[in-house]
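Step one of this worksheet: look at the structure below.
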Amino acid sequence: MTLVQVAAAAALLATVTPLARLVTDADFARVFPRHRRIIGVCLLAWAGVVGAIAVFWPATLVPSALVGVVMSIVLVWLARPHFGVRRGRPPGSLSLTRSLRDLARREALLDLGERHGPVFKTRQPSGPVVCIMGLERGQRLVREHRSAIGPSPLAFTDEIMGGFLRYMDDDTHDVYGPLFRRAMSRSVTDAAAPVTRAATIRSLQRVTATASSPDTGLHQIAYESVLHAMFGIEAASDTGIGFAGAYDVFARDAISHPRHRRQLVALDELRALIREHAKLLDDPTITVAPCALRELRALDAAMPDETCIDNLLFMLRIGSSNVTSLLRWILEHLGSDPSWRARLATESDARGLGTDLHDAFVLETLRLAQSEYVYRRLVDDVEFEGFRLPSGWLVRICVWESHRDPEIFDHPTSLTDRFLGPRPPQTEYCPFGFDRHACNSVGLALMIARTVLEEYCADPDVIVRPSGAVVRDLRHWSHWRPGPTLAVSRHTATESRREPVGQIAVEPPLQRRDVVTKDVHETGP
Ligand code: HEM
């Protein structure tokens with residue numbers, strides 16, 4: 001090989017430098033060890049390919065290197081933080097590998113905000129993203145440019161006639177948005193509360209001396225609560241058991257994955273089951289427990305239609321998963337600071353139920369851990385705070401980062417009882433979103449979180465061992481969650497001191513008035 005060919009081989013190897021930086025990044029290696037190994041193997045394979053070219057086709061080395069070098073220069077040019085600034089684009093790098101590296105650091109966007117200012121750009125695989133720091137700023141952008149800002153839907157919305165509420169076009173949302181908001185009434189949450197409590201106590205009774213993940217129990221609590229709130233179905237009833245069979249298949253993969261054929265069949269089964277179940281609303285001999293399905297009918301005799309049924313099913317899927325994540329964080333925080341647990345336990349009211357302090361703990365957990373972002377997509381060019389933001393870009397309103405603003409929250413990284421005081425305005429604190437697409441199930445989510453917190457604090461024999469770590473998936477829309485070592489166990493010398501859960505009154509949701517007793521025995525918790 002000539003010297004020029006050796007230099008060309010070296011240049012070809014150097015084209016993958018951004019990936020090499022990814023695998024040598026300590027944070028990336030810690031948070032994504034499996035992906036790091038895969039990328040490492042790819043890099044070795046690339047080295048093998050360059051070696052093979054050098055041995056078998058040395059004459060092609062120089063032209064290949066020229067192509068590689070030109071491409072690398074273009075990518076480096078595009079990745080400059082000042083790229084496009086003269087055309088009014090915000091500062092910030094559009095390098096994809098850089099943004100993948102940033103996924104491994106929870107504070108990465110906060111640091112970028114410090115460096116570039118509150119409006120900056122970055123990249124995701126689907127294209128450029130403008131990040132907005134500060135909730136007031138983000139809400140102003142949406143308010144002032146309403147017609148230029150659309151939803152950024154996940155693909156599953158196409159499986160729903162009329163779309164999922166969160167991603168509906170405005171005309172469709174004008175019909176269903178307010179309807180669902182009213183349907184998720186206080187009475188729906190109140191009727192679900194005993195279900196949540198019973199499910200929590202049952203899951204605490206299953207905690208043994210051997211430390212184990214609380215995930216299954218937390219998921220079950222969230223599922224049973226939201227199932228009841230959506231349809232008035234009790235998980236242990238015949239309908240509930242039939243529902244669970246199809247639901248397990250339907251909900252198997254992450255919501256961002258396309259549903260495969262078996263899951264679509266399961267979704268059809270669930271639709272049929274709920275259609276059948278909704279007929280009970282017309283049967284005067286049956287009392288359906290307060291639930292969204294019942295409220296929708298009460299609000300509009302033509303409801304629930306197919307769009308409502310699909311939305312309720314997907315709300316169950318997404319809502320129970322959101323709540324499970326919040327519950328995980330509540331346990332992580334509870335285990336991390338025993339003084340908080342002791343204080344919550346002593347401040348319970350005369351009936352052993354929680355106080356404002358419990359609510360304050362939940363709201364603080366939402367602020368610190370379970371509010372990440374609000375995404376939108378620009379459907380037209382927008383001028384905002386001196387920047388020209390082009391149509392097609394994603395908008396990421398950085399909620400988690402904005403909740404750490406020291407100008408708004410004293411000691412922003414500490415878990416305090418700040419929410420015992422007056423609640424901050426939505427422009428400073430909004431874990432449940434804002435504007436027309438704000439969460440319609442805030443009361444339900446808070447009720448579940450508070451109930452679980454109360455029950456954990458009321459059972460001093462349950463030990464919560466925090467993971468002390470945070471993990472996430474290698475996807476830009478993934479949420480940070482506590483590490484997999486978060487565990488619960490029970491002091492060995494103790495049994496659960498709670499009454500057996502079968503004695504807890506859970507309002508039977510769907511009962512023929514004449515067979516109440518039988519149903520209670522057959523479907524009881
Ligand atoms: C910890 C719990 C939860 C959190 C932090 C949360 C957060 C949010 C946020 C931030 C939004 C606004 C999204 C946007 O503007 O793009 C939202 C919307 C929504 N959430 Fe929640 N949520 C939670 C629980 C639930 C539950 C339990 C349900 C239902 C059972 C639910 C149903 C919805 C729906 C349907 C929307 C869209 C509303 C509309 O567009 O009209 N969420 N949620």
Side-chain angles (χ1 to χ4, degrees), residues 135 138-139 141-143 146 149-154 156-157 160 162-170 172-185 188-189 192 196 218-219 221-231 255 291-293 295-296 307-308 310-330 362-377 394-400 402-403 426 429-453 477 479-481:
L135 297 174
Q139 291 169 18
L141 170 67
V142 173
R143 204 176 48 243
R146 205 170 287 285
I149 294 182
S152 52
L154 290 175
F156 78 84
T157 192
I160 302 178
F164 186 55
L165 278 165
R166 203 161 164 169
Y167 310 128
M168 273 176 187
D169 61 71
D170 285 1
T172 317
H173 194 266
D174 283 345
V175 176
Y176 291 98
L179 196 63
F180 270 77
R181 209 164 286 286
R182 290 175 66 197
M184 292 306 298
S185 63
V188 168
T189 298
T196 307
L218 297 182
H219 176 75
I221 296 165
Y223 167 75
E224 289 189 23
S225 309
V226 182
L227 176 70
H228 192 278
M230 298 294 104
F231 306 114
I255 192 76
C291 62
L293 196 73
E295 299 289 284
L296 286 167
T307 301
C308 286
D310 275 11
N311 268 279
L312 290 170
L313 287 168
F314 277 89
M315 278 168 74
L316 170 61
R317 171 73 186 79
I318 295 167
S320 56
S321 153
N322 282 348
V323 170
T324 306
S325 306
L326 172 61
L327 296 180
R328 263 195 219 118
W329 276 115
I330 284 178
V362 171
L363 294 175
E364 187 71 329
T365 298
L366 278 160
R367 181 184 74 80
L368 281 169
Q370 188 55 37
S371 41
E372 296 271 349
Y373 49 68
V374 166
Y375 274 110
R376 294 287 182 269
R377 191 174 286 281
L394 272 180
V395 176
R396 183 193 205 272
I397 299 171
C398 299
V399 180
W400 183 80
S402 304
H403 281 165
Q426 207 180 38
Y429 176 71
C430 76
F432 291 102
F434 58 91
D435 208 49
R436 68 151 67 219
H437 290 293
C439 189
N440 60 18
S441 305
V442 178
L444 177 66
L446 293 180
M447 178 280 289
I448 302 170
R450 178 187 165 121
T451 306
V452 171
L453 183 60
W477 291 30
H479 284 216
W480 287 95
R481 53 186 188 274

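Here the structure is a predicted model, which is why all the values come from computation and not from measurement. This chain uses plain numbering: 1 for the first residue, then up along the sequence. Just follow the structure's listing: the first ligand is 1, and inside any ligand the first atom is 1.
- Among protein heavy atoms, atom 26 (C) of ligand 1 sits closest to Gly319 CA, 3.5 Å.
- One option in Ala292, Pro151, Gly443, Gly433 has a heavy atom closer to atom 10 (C) of ligand 1 than any other, and that option is Gly433.
- Put simply, the side chain of Arg181 gets close to the backbone of Ala438: a donor and an acceptor are under 3.5 Å apart.
- Taking the six-membered ring where the residue is Trp, Phe314 and Phe156 present parallel rings, their angle staying beneath 30° rather than reaching 60°.
- For atom 7 (C) of ligand 1, the closest heavy atom belonging to the protein is Pro431 O, 3.7 Å.
- Using a 4.0 angstrom heavy-atom cutoff, Met168 does not count as in contact with ligand 1.
- There is no side-chain donor-acceptor pair under 3.5 Å between Ser325 and His479.
- Protein heavy atom nearest atom 11 (C) of ligand 1, with residue, atom name and distance: Phe432 O, 3.7 Å.
- At a 3.5 angstrom cut-off on N or O pairs, Arg376 counts as close to ligand 1.
- For atom 29 (C) of ligand 1, the closest non-hydrogen atom of the protein is Ser441 OG, 3.1 Å.
- Shown in contact with Arg436 at under 4.0 Å from a heavy atom are these atoms of ligand 1, numbered in order with element: 41 (O).
- Given atom 34 (C) of ligand 1, the protein heavy atom at minimum distance is Asn440 OD1, 3.8 Å.
- Although no hydrogens or angles enter the test, the distance criterion places no donor-acceptor pair under 3.5 Å between the side chain of Arg450 and the main chain of Ala445.
- Looking only at protein heavy atoms, the nearest one to atom 40 (O) of ligand 1 is His437 ND1, 2.6 Å.
- When atom types are taken as modelled, the side chain of Thr157 and the backbone of Phe164 share a donor-acceptor pair closer than 3.5 angstrom.
- In plain terms, the two heavy atoms of Ile330 and Ala449 that are nearest each other are CD1-CB, 3.6 Å.
- Within the 4.0 Å heavy-atom shell around ligand 1 one does not find Met184.
- A distance-only check finds a donor-acceptor pair linking the side chain of Ser402 to the backbone of Cys398 [under 3.5 Å].
- Set against the non-hydrogen atoms of Leu326, the atoms of ligand 1 under 4.0 Å away are 1 (C).
- Set against the non-hydrogen atoms of Leu165, the atoms of ligand 1 under 4.0 Å away are 35 (C), 39 (C), 40 (O).
- Here Ala438 has backbone heavy atoms under 4.0 Å from ligand 1, and that is the only part of it that gets that close.
- Remark: ligand 1 and His173 share an N or O pair separated by less than 3.5 Å (distance only, no angle test).
- At distances below 3.5 Å, not a single donor-acceptor pair connects side-chain atoms of Glu295 with backbone N or O atoms of Met184.
- Taking every heavy atom of Ala445 and a limit of under 4.0 angstrom, the matching atoms of ligand 1 come to 2 (C).
- A side-chain donor-acceptor contact under 3.5 Å links Asn311 to the backbone of Gly163.
- Of all atoms in ligand 1, listed by their number and element, those nearer than 4.0 Å to a heavy atom of Val323 are 27 (C).
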Test log, rule side-chain contact (heavy atoms from CB on, under 4.5 Å), inputs Leu366 and Leu446
CA-CA 10 Å; Leu366 278 160; Leu446 293 180; 3.9 Å; yes

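- Numbered from 1 in the order shown, with element, the atoms of ligand 1 that lie under 4.0 Å from a heavy atom of Met230 read 30 (C).
- Between Arg146 and Asp170 there is no salt bridge, since no side-chain nitrogen of the basic residue lies less than 4.0 Å from a carboxylate oxygen of the acidic one.
- In this pair, Tyr176 and Phe180 present their aromatic rings tilted. The plane angle is within the 30 to 60° band.
- Remark: the backbone N or O of Leu368 is paired with a side-chain donor or acceptor of Trp400 at under 3.5 angstrom.
- With hydrogens and angles disregarded, a donor-acceptor distance shorter than 3.5 Å links the side chain of Gln139 to the backbone of Gln426.
- Annotation: atom 13 (C) of ligand 1 to nearest protein heavy atom, Arg166 NE, 3.2 Å.
- For ligand 1 and Val226, the ligand atoms under 4.0 Å from any heavy atom of the residue are 30 (C).
- Considering only non-hydrogen protein atoms, atom 20 (N) of ligand 1 sits nearest to Cys439 SG, 3.3 Å.
- Within ligand 1, the atoms closer than 4.0 Å to a non-hydrogen atom of Arg181 are 41 (O), numbered from 1 in the order shown.
- By the 4.0 Å heavy-atom criterion, Ser371 is excluded from the residues contacting ligand 1.
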